[in-house]
Structure formats: C-alpha cells, structure tokens
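Counting starts at 1 for both ligands and their atoms, in listed order.
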Amino acid sequence: MAAHKPNEVMQHTMETQFWLDRWQRREIGWHLDEINAHLQEHWPRLGLERETQVFVPLCGKTLDLIWLVSQGHRVVGVEISETAVEAFFAEQGLSPRITETPPFRRYQMDELTLLCGDFFDLEPAHLEGVGGIFDRASLIALPPPMRDRYARHLRRLFPSPIDSLLITLDYDQEQMSGPPFSVQPDEVGRLFEDRYRIEALANFDALDDSPNFRRRGLTRLRERVYWLKPRS
Ligand SMILES: C[S@@+](CC[C@H](N)C(=O)[O-])C[C@H]1O[C@@H](n2cnc3c(N)ncnc32)[C@H](O)[C@@H]1O
C-alpha cells in the first residue's frame, strides 16, 4: 500500500473494511442497473480512438464496463471487493480467466480485465497503455484526505496526464455524512488543474432522483460531469 503516514494507514484500513462490509451486506445503493447516461452522452466528446485502453478506478460491478467494451475499448478496472468482482462476472454470465498476480487477483475476459485489490497498490506497470479514465462514484467515494491521496496516486500512475471523464456529486456536507462525499468544483480544481484543463460539461439537480438522500436530510444535490483535458 502506498500510504506513508500511520494515520493514513489506519484510515485506509477502516475505509477498506467499510466497503467490504457494504458488499457483504449487499448495501450497494450506488449501483445502477443500467449504463450511466452521462457516460453514454459525454464519453464520445473525449474523442478517444476505439482501441484506446480505458481505466475504471473503484469500478464495483458497474455495467459501464460493458458499455466501454462495446465501444471498442479495452478496459481495465480495479475493485477491492471480491464479492463485487465475482458478482459482476456471474451476473453477466461470463467466465473469466482468473490468475493470482499479488497483490491483485486478475480476472480477464476478452477485452476486459478486472484487478481485484486495492487501487492504492496499483503500479504504473499495471496500467501501461491506458489512454483514458472514467471515474463515476470513485473520487466521491473517498473522504477528504483520501481524495488527496487518490489524486496523488493517479499522478504517480499516469505521469503524463490522460483524458478523463469525471462525475461528482456536491451538496451541503453538514446535512449528510458521506459516502458519497460532497466534492465541490473548487476541489476538483485544486486536485487536478495543475495538470488538466477542467471543462465542466454538464450539471444537474439530482435530488429528485435520490429520495434516499432527501430522506437523509439533503435539500440540494448537484451532479456534475467534467472532462479533464491534459494540459500538455
Ligand atoms: C461508490 S462505489 C462506485 C462503484 C462504481 N464506480 C459504480 O459507479 O458503480 C465505490 C467502489 O469502490 C470500491 N473501493 C473502495 N475503496 C477501494 C480501493 N482502495 N481500491 C479499490 N476499490 C475500492 C468499493 O468496494 C466500491 O465498490
């Protein structure tokens, strides 16, 4: 694990357990039984070649993996929960080839590779050839100090920045505790603007689609779609 400070290590362990427990209890309210509409609408704007390999961090069992493959991409996802990865392949009726490549278990099926393990254990070699990133509910899954680590780790994985589609939520963090955490546009800027031009593609009032969050106290919920364009 690429954590250095003891409190980072402790927070990381707690976070990991939190997600494993959520999957164990099947409390996966973030999961969509359909392909993400923002992905389908905005991904083509990135103008990536069909053969481009795409990285999906903290991928869960999202159907977006399937859509990206259907667009001609090779796709690599990372997900810490084995329950999630196994469920993904079982639900798709796919039988991947499984190999042990510590610290990851690698599931491979045609153009799709899922690395079951910790995002923070990824090394640049795992993602060699990747030319695009799709982040939905990944950055916002993490509490504030871990978001800094997430951005730092992405920088280490991709010393040359690559086009990314990023989907966030923001709301009054006083009204609800995460996850999902509120990530305001200024934080997206703080995390990424040294290497990226940040183009805000769309934003929506997402409260009506999230009755659960309304019940938890939210009076405002904004979903935003960004294109992070490499500056170089
Ligand atoms: C909110 S869910 C989003 C999943 C997916 N992006 C989607 O849109 O359905 C966050 C996912 O990240 C996974 N996760 C959390 N921390 C992780 C880590 N350090 N490394 C890999 N996966 C992680 C969790 O198990 C969970 O499936």
Completion exercise
If we number the atoms of ligand 1 from 1 as shown, the ones under 4.0 Å from a heavy atom of Trp23 are 24 (C), 25 (O), 26 (C), 27 (O)

Fill in the blank from the handout: min-distance protein heavy atom vs atom 15 (C) of ligand 1 -> Trp19 CD1, 3.3 Å

Exercise for the section: Decide, yes or no, whether a salt bridge links Glu86 with Lys61 under the criterion of side-chain N to carboxylate O below 4.0 Å. Expected result: no

Exercise for the section: For the pair Arg22 (side chain) and Ile28 (backbone), establish whether a donor and an acceptor sit closer than 3.5 Å, ignoring hydrogens and angles. Expected result: no

Problem - Close N or O approach (Asp118, ligand 1; < 3.5 Å) - result: yes

Exercise for the section: Give the single entry among Gly29, Ala84, Cys59 that approaches atom 5 (C) of ligand 1 most closely by any heavy atom. Expected result: Cys59

Completion exercise
Separation between CD1 (Ile167) and OH (Tyr226), nearest 0.5 Å, reads 11.5 Å

Practice task
Identify, for atom 6 (N) of ligand 1, the protein heavy atom at the shortest distance, and state residue, atom and that distance.
Solution key: Arg136 O, 2.7 Å

Exercise for the section: Please answer: with hydrophobic residues joined when any side-chain heavy atoms are less than 4.5 Å apart, are Phe181 and Leu218 in the same cluster? Expected result: no

Practice task
Would you mind checking if Arg45 and Glu199 are paired as a salt bridge, meaning a charged N to carboxylate O distance below 4.0 Å?
Solution key: yes

Practice task
Taking the six-membered ring of Phe204 (Phe, Tyr or Trp), confirm whether the NZ or CZ of Arg222 is under 6.0 Å from its centre and within 45° of its axis.
Solution key: no

Problem - ligand 1 atoms in contact with Thr62 (distance to a heavy atom under 4.0 Å) - result: 7 (C), 9 (O)

Problem - Polar atom proximity, Leu58 to ligand 1 (N or O, under 3.5 Å) - result: yes

Exercise for the section: Please say whether Glu79 places an N or O atom under 3.5 Å from an N or O atom belonging to ligand 1. Expected result: yes

Handout entry: Residues Arg155, Asp194: salt bridge by 4.0 Å N-O rule
Key = yes

Problem - Polar contact flag for His12 and ligand 1 (N/O pairs, less than 3.5 Å) - result: no

Practice task
Considering only non-hydrogen protein atoms, determine which one is nearest to atom 20 (N) of ligand 1 and report residue, atom name and distance to 0.1 Å.
Solution key: Phe119 N, 2.8 Å

Practice task
Pick whichever of Gly60, Pro57, Ala137 has a heavy atom sitting closest to atom 1 (C) of ligand 1.
Solution key: Ala137

Exercise for the section: Can you sort out which atoms of ligand 1 are near Gly117, meaning under 4.0 Å from one of its heavy atoms? Expected result: 20 (N), 21 (C)

Practice task
Determine whether any heavy atom of Pro179 lies closer than 4.0 Å to an atom of ligand 1.
Solution key: no

Handout entry: Main-chain N/O of Asp64 paired with Thr62 side-chain donor or acceptor, under 3.5 Å
Key = yes

Exercise for the section: Report the nearest protein non-hydrogen atom to atom 22 (N) of ligand 1: residue, atom name, distance rounded to 0.1 Å. Expected result: Ile80 N, 3.0 Å

Problem - Check ion pair Asp170-Arg224 (N to O, under 4.0 angstrom) - result: yes

